[in-house]
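This report concerns only the one structure given below.
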2 protein chains.
Amino acid sequence: MQKSPVQCQFVAALDSIVGKWKPIILYHLLQGNPLRFNELRRLIPDITQRMLTLHLRELEEEELVQRVIYPQIPPKVEYSITEYGMSLSPILETLHQWGKAHVERKQLKKENNEQTETD
Amino acid sequence: MQKSPVQCQFVAALDSIVGKWKPIILYHLLQGNPLRFNELRRLIPDITQRMLTLHLRELEEEELVQRVIYPQIPPKVEYSITEYGMSLSPILETLHQWGKAHVERKQLKKENNEQTETD
DNA sequence: TGGTATAGTATTAAAAAAGGTACTGTAACG
DNA sequence: CGTTACAGTACCTTTTTTAATACTATACCA
């Protein structure tokens with residue numbers, strides 16, 4: 001599909017940080033410590049192995065995340081945020097804040113509705 | 001699907017601004033002027049009527065966009081950003097900036113690769 | 001010897017999102 | 001009288017995303 005030039009910027013940005021799981025993967029890696037594959041799985045209980053693999057590969061391809069393999073058995077692979085990936089920090093922080101306020105707003109609205117309905 | 005609490009914030013935020021067409025719809029409406037249905041179509045040439053309708057309805061439901069019907073024939077419907085929708089402005093602006101830099105970075109990388117390959 | 005941990009891949013199925021085309025009613029324009 | 005503009009809706013197909021399950025090799029522990 002053809003894309004208008006303006007949209008491209010958004011698409012480029014969103015493609016990098018969305019995908020349902022990407023924001024939370026990046027969020028955990030932005031805490032600073034490198035994390036192993038199964039550590040990430042434990043931090044994100046509902047993600048499947050496949051989804052985690054897929055999204056990590058995409059993030060790696062975009063150089064937002066770094067993958068380091070230690071040639072050991074059993075295998076050890078560590079993922080960490082790259083310096084470039086850190087440039088996403090303000091976006092994710094803003095997004096996180098806005099999302100929080102948005103959820104609270106919805107909650108408030110719901111409560112108000114329940115109030116007036118039972119009146 | 002169960003969602004971990006941290007992800008919810010992101011999901012809540014992203015659900016509101018993504019959907020492939022939402023960022024660009026919001027971008028145009030954030031310019032300030034209310035826009036009619038077909039004006040938006042012309043500004044976003046590749047969107048289909050159906051997709052535009054669907055996304056506008058979702059944006060309306062979340063109170064990010066306001067829909068005003070003028071009872072005329074032929075019909076006139078104007079869409080504008082709500083005050084709440086304006087709170088997305090910094091996110092979209094940051095996203096837009098980052099996306100732009102990201103595209104340029106990729107372009108640069110591509111050029112460099114082509115250089116070294118022909119050397 | 002059997003079970004567990006590691007970091008995945010392969011295959012298939014299901015669900016969600018997006019897209020395409022045709023159609024609606026009304027009025028003004030030519 | 002035929003065409004265009006407006007703002008959609010209905011119906012169907014395709015594409016993309018997500019999920020579920022089974023499987024790999026190797027080493028360590030009991």
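Order of the sequence lines fixes the chain letters, A, B, ..., with proteins taken first and strands second; residue numbering starts at 1 for each chain.
Looking only at atom types and distance, the side chain of A/Glu62 has a donor-acceptor partner in the side chain of B/His102 under 3.5 Å away. For the residue pair B/Gln97 and B/Glu93, a side-chain donor N or O sits within less than 3.5 Å of a side-chain acceptor on the partner.
As a whole-Å value, the separation of B/Lys20 NZ from D/dT14 P is 17 Å. Between the CD atom of B/Glu78 and the P atom of D/dG8 there is a distance of 12 Å, given to the nearest Å. In this structure, CZ of A/Phe37 is placed 13 Å from C1' of C/dA5, rounded to the nearest angstrom. Whole-Å rounding puts the A/Lys76 NZ to C/dT6 P distance at 12 Å. The nearest whole Å value for the distance from the CG atom in A/Leu35 to the P atom in C/dG8 is 13 Å. Atom CD1 in B/Ile24 sits about 14 Å away from atom P in C/dA18, given to the nearest Å. One interatomic measurement links the two molecules: CD of B/Gln72 to C1' of D/dC6, which rounds to 10 Å at whole-angstrom precision. A straight line from CG of B/Asp46 to P of C/dG19 spans 9 Å, rounded to a whole angstrom.
Every residue was checked against the side-chain hydrogen bond (donor to acceptor under 3.5 Å, both in side chains) condition with A/Lys106, not counting sequence neighbours, and none meets it.
For B/Tyr79, taking side-chain heavy atoms from C-beta onward, the closest of the listed nucleotides C/dA18, C/dA7, D/dG8 is D/dG8.
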Check: A/Leu95 and B/Ile17: side chain to side chain contact (heavy atoms under 4.5 Å, CB included), yes or no, with the steps?
Finding: CA-CA 10 Å; A/Leu95 217 51; B/Ile17 59 167; 4.1 Å; yes
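Residue-environment remark: CD (A/Glu111) exceeds the threshold of 12 foreign heavy atoms within 6.0 Å. Open room surrounds NZ on B/Lys109; 12 or fewer heavy atoms of other groups in view lie less than 6.0 Å from it.
B/Arg41 comes within 4.0 angstrom of no nucleic acid atom, judged by non-hydrogen atoms across all strands.
The backbone N or O of A/Ile91 sits nowhere less than 3.5 Å from a side-chain atom of B/Thr94 that would complete a donor-acceptor pair.
For the pair B/Arg42 and D/dA7, the criterion of a side-chain N or O lying under 4.0 Å from OP1 or OP2 is not met. Phosphate proximity of C/dT6 to A/Arg36: absent, as no side-chain N or O sits under 4.0 Å from OP1 or OP2.
Within residues 47-59 of chain A, the residues that place at least one heavy atom under 4.0 Å from DNA chain C are, in residue-number order, A/Gln49, A/Arg50, A/Thr53, A/Arg57.
Between A/Leu56 and A/Trp21, every side-chain heavy-atom pair lies at or beyond the 4.5 Å cut-off.
Cluster membership check: B/Tyr70 does not share its hydrophobic cluster with B/Leu35, using side-chain heavy-atom separations under 4.5 Å among Ile, Leu, Val, Met, Phe, Trp and Tyr.
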Notebook entry, point to check: Using a cut-off of 4.0 Å between protein heavy atoms and nucleotide atoms, how would you tag nucleotides 25-30 of chain D 5' to 3' with B, S and -?
Noted result: -BS---
